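Computed from a predicted structure; not experimentally measured.
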Amino acid sequence: MAVEVKVPSVGESITSGILGSWKKSPGEYVKGGELLFEIETDKVTSEVYADVSGALEQLVSEGDEVEIGQVVARIDETAEAPADTTPAAPTEEPPAAAPATKEESVSPAQESHDVADIDYSLPPAERKRVAEGGTPAKAAVSPAVTAGPTELTTRKRMTAMRSKIAERLVSAQHEAAMLTTFNEVDMSNVMALRKRFQDRFIAKHEIKLGFMSFFVKAAVHALKDIPGLNARIDGTDLVQNHYYDISIAISTPKGLMVPVIRDVDQQSMAEIEKSIAGYAQKARDGKITLNDLEGGVFSITNGGTFGSLLSTPILNPPQCGILGMHSIQERPMAVNGRVEIRPMMYLALTYDHRIVDGKEAVTFLVRIKEFIEQPGLIGLEL
């Protein structure tokens, strides 16, 4: 009896996806619970497992677009499981191979030619043929020098997620009136606070106190002061949000994901840090779900993780604001009439000018700066 394998539903708004990769070969015997394939959608990548054991029949190929509910494979339950064919360990050491001679040790690809023999006015394909020995050489180079790559370009299909990211970024630039305002923040007090209480924080909460939780808390307080940044446009309506679900950008091998921390205004610093760490682990494991990504009202991204000194973050529609953090660098600053070396970070706020005026955006970023430079304000609710 053959059991059909269908594409499962991964979210109400998703109707199709790309069959990213088969984890089993055609005709291979699979066991119930084993991973069969991955489905790449415009938001998440989902894994599909076998419900039964049997021989696998594939009905679609890798890279094909498939609909939710479509039958993509069958598993023949009547097939017999293969016998254990694990080879016995050898009882004797195999004879050592004879050392290669000088002539044998050089492959055709290693028989390169001196660069002086290559006419760089030739087309790339012809230069490649010459480099690989298509014409007589004046002087052979050392066998250790090998020819270049066999292809000058490679081509592969964009993943569904990468394609959708590209589409959303272009759409955001065309639809929103995006502007970015900048400021800088002195990280001295936050860094001193972390250093003083880090050990106690870890001992009590079993997680490190990072910078992100400070910025998340600061963003919530700034959103309460400047509610225009906590709004979105829906057709001809302006929708004002009265909750604080903050999206945190996380880089993954498959692209940028922005999972949402819910009700941040009701969470402690430790709870925020654990939420961020949990999402980071889920992203590494490929376990981020559609529900994790939906419903955020404001985004925070940290380009400083990769060494960015300054950038202009792009909006995450339909949100009207995103805060960009950057790397911390020691710089000479004028403090009370004296020059002091301080750890400084540039901040960037990109906002939708259709909703937010420049005064509001600048004030919002100044409030972020105040909360970070005086972290006690957060606990005092000032």
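The cluster map of Ile, Leu, Val, Met, Phe, Trp and Tyr, joined by side-chain heavy atoms under 4.5 Å apart, puts Val185 and Met191 in the same cluster. In terms of hydrophobic clustering, with Ile, Leu, Val, Met, Phe, Trp and Tyr side chains grouped at heavy-atom distances under 4.5 Å, Leu310 and Leu365 are assigned to different clusters. Note on Leu35 and Ile39: separate hydrophobic clusters, where clusters join Ile, Leu, Val, Met, Phe, Trp and Tyr whose side-chain heavy atoms are under 4.5 Å apart, directly or indirectly. With hydrophobic clusters built from ILVMFWY side chains whose heavy atoms lie under 4.5 angstrom apart, Val297 shares a cluster with Leu238. In the hydrophobic cluster analysis, where Ile, Leu, Val, Met, Phe, Trp and Tyr join through side-chain heavy atoms closer than 4.5 angstrom, Leu193 is grouped apart from Ile202.
Closest approach of Gly295 and Arg262 over heavy atoms only: CA-NH1, 3.9 Å. Heavy-atom minimum distance, Ala348 versus Ser311: CB-O, 3.4 Å. Across Ile68 and Ser9, no two heavy atoms sit closer than the pair CG2-CA, 3.7 Å. Between Ile355 and Gly228 the shortest heavy-atom distance is CG2-O, 3.6 Å. Scanning both residues, Ala79 and Tyr29, for their nearest heavy atoms gives O-CE1, 3.5 Å. Pairing each heavy atom of Leu315 with each of Thr350, the nearest pair is CD2-O, 3.5 Å.
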Test log, rule side chain to side chain contact (heavy atoms under 4.5 Å, CB included), inputs Ile233 and Val239:
CA-CA 6 Å; Ile233 290 178; Val239 180; over 6 Å; no
Between Met325 and Ile300, does the side chain to side chain contact (heavy atoms under 4.5 Å, CB included) criterion hold? Intermediate values first, please.
CA-CA 8 Å; Met325 300 165 56; Ile300 301 177; 3.8 Å; yes
Under the salt bridge (charged side-chain N to carboxylate O under 4.0 Å, His left out) criterion, do Arg367 and Glu370 qualify, and how do the steps go?
CA-CA 5 Å; Arg367 293 298 282 151; Glu370 290 176 348; 2.3 Å; yes
Please evaluate residues Thr301 and Leu323 with respect to the criterion side chain to side chain contact (heavy atoms under 4.5 Å, CB included), reporting the C-alpha separation (whole Å), side-chain torsions for both, the decisive distance (0.1 Å), and the verdict.
CA-CA 6 Å; Thr301 181; Leu323 175 68; over 6 Å; no
Determine whether Ile372 and Met345 satisfy the following criterion, side chain to side chain contact (heavy atoms under 4.5 Å, CB included), listing intermediate values before the conclusion.
CA-CA 11 Å; Ile372 298 301; Met345 175 193 289; over 6 Å; no
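Without hydrogens or angle criteria, Gln329 side chain to Leu309 main chain gives no donor-acceptor distance under 3.5 Å. Side-chain N or O atoms of Glu273 include none that pairs as donor or acceptor with a backbone N or O of Leu209 at under 3.5 Å. Under the 3.5 Å distance criterion, the side-chain polar atoms of Gln173 are left unmatched by any main-chain donor or acceptor of Val170. A distance-only check finds no donor-acceptor pair linking the side chain of Asn230 to the backbone of Lys224 [under 3.5 Å]. Without hydrogens or angle criteria, Asp352 side chain to Ala177 main chain gives a donor-acceptor distance under 3.5 Å. No side-chain donor-acceptor contact under 3.5 Å links Glu294 to the backbone of Asn291. No donor-acceptor pair under 3.5 Å is formed between the side chain of Asp186 and the backbone N or O of Glu373. Ser268 places a side-chain N or O within 3.5 Å of a backbone atom of Glu271 that can act as its donor or acceptor partner.
Contacts of Ser247 classified as side-chain contact (heavy atoms from CB on, under 4.5 Å), with partners at least two apart in sequence or in another chain: Val258, Val260, Ser299, Asn316, Gln319. Judged as a side-chain contact (heavy atoms from CB on, under 4.5 Å), and not counting sequence neighbours, the contacts of Glu360 are Ile226, Val356, Asp357.
Pairs engaging residues 309-353 under the ring-ring contact (aromatic ring centres under 6.0 Å, His included) rule: Tyr351-His353 [sequence neighbours left out]. Pairs passing the side chain to side chain donor-acceptor pair (under 3.5 Å) check and including a residue from residues 68-81, sequence neighbours excluded, read Asp76-Thr78.
Considering CE of Met178 and CD1 of Ile322, their distance stands at 10.0 Å, rounded to 0.5 Å. For the atom pair CG of Asn241 and CG of Leu229, the computed distance is 11.5 Å after rounding to the nearest 0.5 Å. In this structure, OG in Ser327 is found 12.5 Å from CZ in Phe306, a value given to the nearest 0.5 Å. Atom OG1 of Thr363 is separated from atom CD1 of Ile368 by 12.0 Å, given to the nearest 0.5 angstrom. The CZ atom of Arg196 sits 15.5 Å away from the CZ atom of Phe201 when rounded to the nearest 0.5 Å. In this structure, the separation between OG on Ser188 and CD on Glu330 is 9.0 Å, given to the nearest 0.5 Å.
Between Glu340 and Pro332 the shortest side-chain heavy-atom distance does not fall below 4.5 Å. When side chains are defined from C-beta on, Leu349 does not count as touching Phe182, because their heavy atoms never get closer than 4.5 Å. The shortest side-chain heavy-atom distance between Ile341 and Arg331 does not fall under the 4.5 Å cut-off. Between Ile248 and Tyr279 the shortest side-chain heavy-atom distance does not fall below 4.5 Å. Side-chain contact between Val264 and Asp245 is absent, with no heavy atoms from C-beta onward closer than 4.5 Å. Taking the side chain as every heavy atom from C-beta outward, Val366 and Asn183 approach each other to under 4.5 Å. Ser21 is listed as a side-chain neighbour of Glu38, based on a closest heavy-atom distance under 4.5 Å. The shortest distance between side-chain heavy atoms of Ile207 and His205 falls below 4.5 Å.
Comment: Glu206 does not engage Lys274 in a salt bridge, judged by the lack of any side-chain N to carboxylate O separation of less than 4.0 angstrom. With respect to Asp285 and Lys287, no salt bridge is recorded, no charged nitrogen being found less than 4.0 Å from a carboxylate O.
For the pair Lys359 and Phe364, the cation does not sit on the ring face, since its NZ or CZ is not both under 6.0 Å from the ring centre and inside 45° of the axis.
Think of Val335 as one node in a network of Ile, Leu, Val, Met, Phe, Trp and Tyr side chains linked at under 4.5 Å; its network also takes in Met333, Met344.
Glu47 and Tyr49 share a donor-acceptor pair across their side chains, judged by distance under 3.5 Å alone.
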What pairs of donor and acceptor atoms, side-chain ones from residues 50-66 against any protein atom, are under 3.5 angstrom apart with sequence neighbours left out?
residue, atom, partner, partner atom, Å
Ser53, OG, Gly32, N, 2.9
Gln58, NE2, Lys24, O, 2.7
Glu62, OE2, Trp22, N, 2.8
Asp64, OD2, Ser61, N, 3.0
Glu65, OE2, Ser16, OG, 3.3

